[in-house]
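Okay, so here's the structure we're looking at.
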Amino acid sequence: MYENNIPTASNHNLIESEKEMKVSGNAILITGGTSGIGLAFAEKLLELGNKVIICGRRENRLNDIKKKHSGIITKVCDVNDRVERESLATWVIKNYPEVNVLINNAGIQLLVDLTHQINLDRVHNEVETNLIAPIHLTSLLAQHLIQKKESAIINISSGLAFVPISFMPVYCATKAALHSVTLSLRHQLKETNVKVFEIAPPSVDTELGHERREDKTQSHGGIHVDEFISEAMKAIENDIYESAVGMSENMRQKRESLFSSINH
Ligand SMILES: NC(=O)c1ccc[n+]([C@@H]2O[C@H](COP(=O)([O-])OP(=O)(O)OC[C@H]3O[C@@H](n4cnc5c(N)ncnc54)[C@H](OP(=O)(O)O)[C@@H]3O)[C@@H](O)[C@H]2O)c1
């Protein structure tokens, strides 16, 4: 589908455009839809006329969302658990075979001080949620998506994939790894109808890391989630496969540039 050049916001016009991703009439599975970016994507995509399925661990949140938006399909799932991931994929394929888009969004962000003995369970947890879960879910749904006329996998990475912030070293490493995996996945799927997007948010005002804030209602700063969604939707509908939103674009400029040549 695409050559080695990855359409980004800056070079997109230079690349011959194929049919661009439609943003209505899809059936979309979003991991981590109970708050923040996942929930805002779900609401926007529902409004645009897509079937939307969200999952998360907090059943009460899922029930509240269902009450507010009866059109959103909900499923309790802890993506940290490989068996739950397998059940989720099987359930989706059986009950919603029309699913043609996977948004790997669920994520957690932990502070880790590498100068003292770390709690390995926390580290495993963060790596499993942010990296292994999207890798595994992608592999579980890839053959299903390949059979669709048009389909997509959308990975939510971070500006911190490109430049780490040292007090969350594992988080940044998972996002750098997700960026790398996305490049490889896009290459592996290049002869198929599956478009592979990476969207790297800047700081967005969500619940991410709220457990470490004394006042849970306190904003952690960052842009409003609606502003982020509006930029992310522009990337999707214009087939900008790698989109670093806002200040993430600056960070992306510093990334490695060898991928195309070594995979030529
Ligand atoms: N906000 C930012 O500044 C920012 C910047 C760059 C990248 N991102 C990325 O954007 C994505 C969404 O984060 P957010 O900012 O929207 O944060 P958020 O408001 O905390 O949302 C995180 C979502 O992930 C879900 N989740 C976490 N662990 C899960 C698990 N084990 N199983 C299933 N669902 C799980 C949560 O649902 P439950 O708790 O109900 O399970 C929640 O719906 C993450 O990948 C994050 O790294 C965010």
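Just so you know, ligand 1 is whichever comes first in the structure, and atom 1 is the first atom listed for that ligand. The basis for the numbers below is simple: all heavy atoms, side chains too, and nothing from hydrogens, waters or symmetry mates. These numbers come from a predicted model, not from an experiment.
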Can you sort out the partners of E231 under side-chain contact (heavy atoms from CB on, under 4.5 Å), two or more places apart, ordered by chain and number?
->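 K234, V245.
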Residues in side-chain contact (heavy atoms from CB on, under 4.5 Å) contact with L62, at least two apart in sequence or another chain =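 L62 satisfies side-chain contact (heavy atoms from CB on, under 4.5 Å) with T34, I54, T74, V76 once adjacent residues are dropped.
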Heavy-atom neighbours of K44 NZ exceed 12 at 6.0 Å =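 No, because the 6.0 Å sphere around NZ of K44 holds 12 heavy atoms or fewer from other groups.
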Give a yes or no on whether a salt bridge exists between E128 and R85, defined as a side-chain N under 4.0 angstrom from a carboxylate O.
->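 Salt bridge present between E128 and R85.
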So which protein residues pack against ligand 1 under 4.0 Å, heavy atoms counted?
->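 Residues within 4.0 Å of ligand 1: G32, G33, T34, S35, G36, I37, G56, R57, R58, C77, D78, V79, N80, N105, A106, G107, I108, T129, I156, S157, S158, Y171, K175, P201, P202, S203, V204, T206, E207, L208, H220.
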Can you run down the salt bridge (charged side-chain N to carboxylate O under 4.0 Å, His left out) pairs that involve residues 97-120, sequence neighbours left out, and say none if there aren't any?
->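 Matches after skipping sequence neighbours: K51-E98.
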Within-4.5 Å side-chain heavy-atom neighbours: V101 and L29 =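 Heavy-atom side-chain distance check fails, nothing below 4.5 Å.
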